[in-house]
Amino acid sequence: MQRSYSIASGPEREGEIDVTVERVADGEVSPFLHDVAVVGDQIEVRGPIGGYFVWHAGLGGPLLLIAGGSGIVPLMAMLRHRAATTPRPATRLLYSSRTPDDIIYGDELRELGARGDGLEVIHTLTRSQPAGWTGYARRIDDQMLSEVRGPLGDAPLVFICGPTPLVEGAANGLVRIGVPAQRIRTERFGPSGK
Ligand SMILES: Cc1cc2nc3c(=O)[nH]c(=O)nc-3n(C[C@H](O)[C@H](O)[C@H](O)COP(=O)(O)OP(=O)(O)OC[C@H]3O[C@@H](n4cnc5c(N)ncnc54)[C@H](O)[C@@H]3O)c2cc1C
């Protein structure tokens, strides 16, 4: 079996990498990694494949990161790299999850967002929200994209990652609200969206 998993750790880490695998209930590989694989098992790794969906400090900003579900993983590598380097461009992360329990890296995102170094984390919870929730509670749409992009100006550097429908919807929406297409980079994780 072969599947693609993004590197979650920042490039400053040497000698090992993190991956973060979401359990797809009826999947073949992700339940195996959750339920069967144990420490010491050997897994063959190819790659890294790509090189396009990459941000390093030299690319500058401002940065607009948009994630759906496990699409947060490669964006997390960027945020970890951003936290470890200077200068740090103004950055906003829009992260769509179904429920609060589905938020990956919740504690680390809270901690990074609280540093006051120009990172703002904005969640949208599409299926259920905790009591008293005042944030977004719907799928990403043009109005949300416009509000989230607002403080970053007209042409932030954008990285969008997640299920294919979310990625295509967000990229098309950003073009509609005037973000230059050449500033938008996308990574599609697959057919989900269910
Ligand atoms: C470039 C790239 C990077 C990726 N990085 C990550 C990552 O960092 N973390 C991560 O968890 N996943 C990532 N994925 C998705 C991953 O490769 C697998 O698709 C996913 O783990 C499902 O594999 P599976 O064998 O469990 O399911 P499969 O047996 O392949 O599929 C079973 C069922 O799940 C559906 N399905 C397939 N893919 C997905 C999906 N991505 N999400 C939801 N449902 C799906 C299928 O339609 C089918 O109904 C990435 C994909 C790509 C292309």
Side-chain angles (χ1 to χ4, degrees), residues 3-8 10-11 19-22 24 30 47-82 88-99 102-106 109 112-113 118-127 135-194:
R3 294 292 185 274
S4 300
Y5 293 102
S6 306
I7 296 175
V19 295
T20 300
V21 178
E22 183 180 22
V24 173
S30 62
I49 298 166
Y52 172 73
F53 199 78
V54 166
W55 178 78
H56 56 83
L59 290 176
L63 270 184
L64 174 58
L65 309 178
I66 300 177
S70 55
I72 188 68
V73 177
L75 306 183
M76 205 62 205
M78 297 177 196
L79 290 174
R80 287 168 166 169
H81 174 55
R82 178 186 177 279
R88 295 189 192 105
T91 301
R92 306 193 100 200
L93 167 68
L94 173 60
Y95 182 11
S96 177
S97 308
R98 290 173 184 161
T99 75
D102 292 317
I103 295 173
I104 304 171
Y105 305 122
L109 287 172
L112 288 173
L119 169 65
E120 201 165 335
V121 178
I122 300 145
H123 291 278
T124 183
L125 295 171
T126 57
R127 293 250 175 108
Y136 291 121
R138 60 182 200 271
R139 289 181 168 206
I140 294 171
D141 55 28
D142 289 9
Q143 189 189 335
M144 192 186 297
L145 291 169
S146 183
E147 289 166 6
V148 172
R149 183 216 38 184
L152 299 176
D154 289 340
L157 183 55
V158 186
F159 292 87
I160 312 171
C161 186
T164 302
L166 177 145
V167 171
E168 289 178 356
N172 291 335
L174 286 170
V175 171
R176 275 194 297 274
I177 66 167
V179 177
Q182 66 272 20
R183 297 282 285 168
I184 303 172
R185 296 186 190 189
T186 58
E187 179 98 283
R188 293 158 175 79
F189 269 12
S192 168
K194 287 177 283 187

(request) In sequence, state the C-alpha distance, the side-chain angles, and the governing distance for Tyr136 and Val148, and then conclude on side-chain contact (heavy atoms from CB on, under 4.5 Å). (result) CA-CA 11 Å; Tyr136 291 121; Val148 172; 4.0 Å; yes
Quick one: are [X] and [Y] in side-chain contact, heavy atoms under 4.5 Å?
{"X": "Leu65", "Y": "Thr91", "result": "yes"}
{"X": "Leu109", "Y": "Leu79", "result": "yes"}
{"X": "Leu166", "Y": "Ser96", "result": "yes"}
{"X": "Ile160", "Y": "Glu168", "result": "no"}
{"X": "Phe189", "Y": "Ser6", "result": "yes"}
{"X": "Leu145", "Y": "Leu64", "result": "no"}
{"X": "Pro151", "Y": "Arg92", "result": "yes"}

(message) Tell me if the CG atom of Asn172 is crowded by more than 12 foreign heavy atoms within 6.0 Å.
(response)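 More than 12 within 6.0 Å, yes.
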Can you check whether [Y]'s main-chain N or O pairs, donor with acceptor, with [X]'s side chain at less than 3.5 Å?
{"X": "Arg185", "Y": "Tyr52", "answer": "yes"}
{"X": "Ser97", "Y": "Leu125", "answer": "no"}
{"X": "Arg80", "Y": "Ala8", "answer": "yes"}
{"X": "His81", "Y": "Ala57", "answer": "yes"}
{"X": "Arg183", "Y": "Val158", "answer": "no"}
{"X": "Ser30", "Y": "Val24", "answer": "yes"}

Let me confirm one number: the [atom1]-[atom2] distance from [X] to [Y], rounded to the nearest 0.5 Å.
{"X": "Glu120", "Y": "Leu112", "atom1": "CD", "atom2": "CG", "result": "13.5 Å"}
{"X": "Trp55", "Y": "Leu63", "atom1": "CH2", "atom2": "CG", "result": "5.5 Å"}
{"X": "Asp102", "Y": "Ile72", "atom1": "CG", "atom2": "CD1", "result": "13.0 Å"}
{"X": "Thr126", "Y": "Arg139", "atom1": "OG1", "atom2": "CZ", "result": "6.5 Å"}
{"X": "Leu119", "Y": "Arg88", "atom1": "CG", "atom2": "CZ", "result": "10.5 Å"}
{"X": "Arg149", "Y": "Ile177", "atom1": "CZ", "atom2": "CD1", "result": "4.0 Å"}

Atom of [X], atom of [Y] and distance for their closest heavy-atom approach:
{"X": "Pro165", "Y": "Gly190", "result": "CD-O, 4.3 Å"}
{"X": "Arg82", "Y": "Gly118", "result": "NH2-C, 3.3 Å"}
{"X": "Pro163", "Y": "Gly68", "result": "CD-O, 3.5 Å"}
{"X": "Ile140", "Y": "Ala170", "result": "CG2-CB, 4.5 Å"}
{"X": "Pro62", "Y": "Leu152", "result": "CG-O, 3.3 Å"}
{"X": "Pro89", "Y": "Gly60", "result": "CG-O, 4.0 Å"}

(message) Using 30° and 60° as the class boundaries, would you call the ring planes of Phe53 and Phe159 parallel, tilted or perpendicular?
(response)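 If you compare the ring of Phe53 with that of Phe159, the planes turn out perpendicular.
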(message) Going by side-chain contact (heavy atoms from CB on, under 4.5 Å), Tyr95 matches just one of Ile66, Ile103, Leu75. Which one?
(response)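 Only one option passes, and that is Ile103.
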